[in-house]
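Below is one structure; the comments refer to it alone.
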Amino acid sequence: MAKVVKFGGSSLADANQFRKVAQIIRSDSKRRYVVPSAPGKRFADDTKVTDMLYNCYDAVGKGKNATVEFLPIAERFNGIIGDLGLTISLDDEFEIITENFKKRAGRDYAASRGEYLNGIILANFLGFEFVDAAKCVFFTAGGEFDVDLTDACLASVLEGYSEAVIPGFYGAKPDGTIKTFTRGGSDFTGSVVAKAIGAELYENWTDVSGFLAADPRIVEDPEIIDYITYKELRELSYMGASVLHQDAIFPVRTAKIPINIRNTNLPDDPGTMIVPEAPEKTGGRVITGIAGKKHFSVISIEKDEMNSEVGFLRRLLTVLDHEGVGFEHIPTGIDTMSLVVNSDELSDHPNLVKYITDITHPNHIEVINNLALVAVVGRSMKEKRGTATRIFAALSHADINIKMIDQGSSELNIIVGIDEKDFEKAIRVIYDMFMLSE
Ligand code: ASP
């Protein structure tokens with residue numbers, strides 16, 4: 001059995017970080033397939049190599065000299081090679097890249113070179129095989145990720161190597177053009193590789209010791225979540241919590257492979273395990289985490305006897321469909337329906353309320369802005385009584401008015417809508433209620 005280990009940009013930002021990575025890999029012989037990001041920031045206002053590459057490519061497009069513009073990037077890689085005492089030279093690669101920049105090979109090509117070059121260095125340092133992702137991660141001609149082709153190709157290529165480095169973030173279209181995933185996409189590559197080789201574990205090494213139960217910019221020193229299910233993670237990520245690329249759970253999820261978020265700088269910390277089903281007893285907490293987002297609006301619709309009007313919701317949804325508007329929630333009353341949308345939808349579709357009025361003929365319709373949503377997520381809510389009461393009590397004691405409540409029948413989360421000005425306070429009081437008092 002093997003583990004796939006993905007290292008983020010901060011884990012590979014300089015030679016010192018490379019050494020930590022090598023030590024981590026060598027300390028477990030199952031860590032055989034490695035997915036690196038491009039070198040990230042070494043200090044707060046440093047620039048990630050990926051951003052340097054985008055900037056360089058754009059500068060060349062504006063007529064600047066490719067070799068000169070590429071120099072700082074070459075220096076970063078040469079610095080790592082030199083500090084590690086490696087004997088390889090990437091000069092030929094640098095020349096090919098600058099030539100391709102001049103030929104306008106594409107911004108995706110440009111960005112992907114960070115992972116590509118870093119992969120070559122890491123493979124050399126570890127003594128592992130380098131497998132170019134362009135040869136085994138595929139997109140369709142239309143730019144969609146080609147799951148089946150990638151899965152089959154990765155599985156057969158990697159079968160030939162007991163240890164390999166596969167750069168993250170990019171793949172190729174059928175004509176060989178390089179395409180990248182969205183930013184942070186090396187997480188996704190790691191997941192794809194783990195699925196393809198049937199890994200027992202996908203370790204995602206970063207610069208934090210796991211997924212936090214709340215945003216550390218809001219709650220001081222929040223707890224690290226030890227176990228979280230894929231579903232809970234989806235809820236929390238959707239609501240703004242971020243450590244992992246939002247698509248990264250999908251490939252491993254189908255194969256039920258757990259993901260372990262780990263800290264390269266504190267490798268003894270157990271990190272967070274993202275699993276299909278969490279073990280029964282995991283700290284006894286009712287809630288797993290709290291996340292939230294601002295910038296929502298509610299279109300509140302009132303109509304007498306709405307509850308007995310057949311097809312009301314369908315008509316409303318037809319308008320959204322037609323306008324291409326997505327919605328977040330639709331809490332309903334007997335004669336009321338509230339449509340919660342991202343506020344941008346209203347500015348992008350200025351006639352939305354008028355169209356809804358024309359088709360549903362309400363008695364009253366109004367838009368309430370500046371709504372924030374807070375999601376309290378926890379798989380254990382199902383078994384425990386009084387979770388909602390405690391959330392509402394915490395908010396009420398803090399004098400926070402609840403404008404909307406939503407709990408799905410899966411009982412995985414409770415979402416409350418509050419005024420944006422109360423957002424941070426709401427998260428803090430809910431956190432205190434559940435995490436400090438249990
Ligand atoms: N290097 C890419 C980025 O900065 C991809 C990644 O790190 O996952 O977004």
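All heavy atoms count here, side chains included; hydrogens, waters and symmetry mates do not. In each ligand, atom 1 is the first atom listed, and ligand 1 is the first ligand listed.
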TODO: Would you please indicate if the ring centroids of Phe101 and Tyr57 are separated by under 6.0 Å?
DONE: yes
Task: Phe145 and Phe181 aromatic centres sub-6.0 Å - done: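 Yes - the distance between ring centres of Phe145 and Phe181 falls below the 6.0 Å cut-off.
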Task: Steps toward side-chain hydrogen bond (donor to acceptor under 3.5 Å, both in side chains) verdict (Ser112, Thr180) - done: CA-CA 7 Å; Ser112 75; Thr180 61; over 6 Å; no
Open item on the list: Is a donor from one side chain sitting under 3.5 angstrom from an acceptor on the other, for Glu69 and Asn55?
Closed with: no
Open item on the list: Quick check on contacts: which atoms of ligand 1 are under 4.0 angstrom from a heavy atom of Glu115?
Closed with: 1 (N), 2 (C), 5 (C), 6 (C), 7 (O)
- [ ] Under 4.0 Å from a heavy atom of Gly184: give me the atoms of ligand 1 that qualify, with their elements.
- [x] 3 (C), 5 (C), 6 (C), 8 (O), 9 (O)
- [ ] Answer yes or no for Gly114: is there a heavy-atom contact with ligand 1 below 4.0 Å?
- [x] no
Task: Residue-ligand contact Gly185/ligand 1, heavy atom below 4.0 Å - done: yes
Open item on the list: With heavy-atom distances below 4.5 Å as the criterion, would you say the side chains of Ser380 and Arg285 are in contact?
Closed with: no
Open item on the list: Once you restrict to heavy atoms under 4.0 Å, what part of His245 touches ligand 1? Side chain, backbone, both or neither.
Closed with: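 It is neither part, as no heavy atom is under 4.0 Å.
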Task: Nearest non-hydrogen protein atom, atom 7 (O) of ligand 1 - done: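 Answer for atom 7 (O) of ligand 1: Ser37 OG, 3.0 Å.
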Open item on the list: Looking only at protein heavy atoms, which one is nearest to atom 4 (O) of ligand 1, and what is the separation?
Closed with: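 Scanning the protein heavy atoms, the shortest distance from atom 4 (O) of ligand 1 goes to Arg183 NH2, 2.9 Å.
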TODO: Would you check, one step at a time, whether the test salt bridge (charged side-chain N to carboxylate O under 4.0 Å, His left out) holds for Arg107 with Asp58?
DONE: CA-CA 8 Å; Arg107 286 190 102 224; Asp58 293 345; 2.9 Å; yes
Task: Backbone or side-chain N or O of Lys6 under 3.5 Å from ligand 1 N or O - done: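 Checking ligand 1 against Lys6, no N or O pair falls under 3.5 Å apart.
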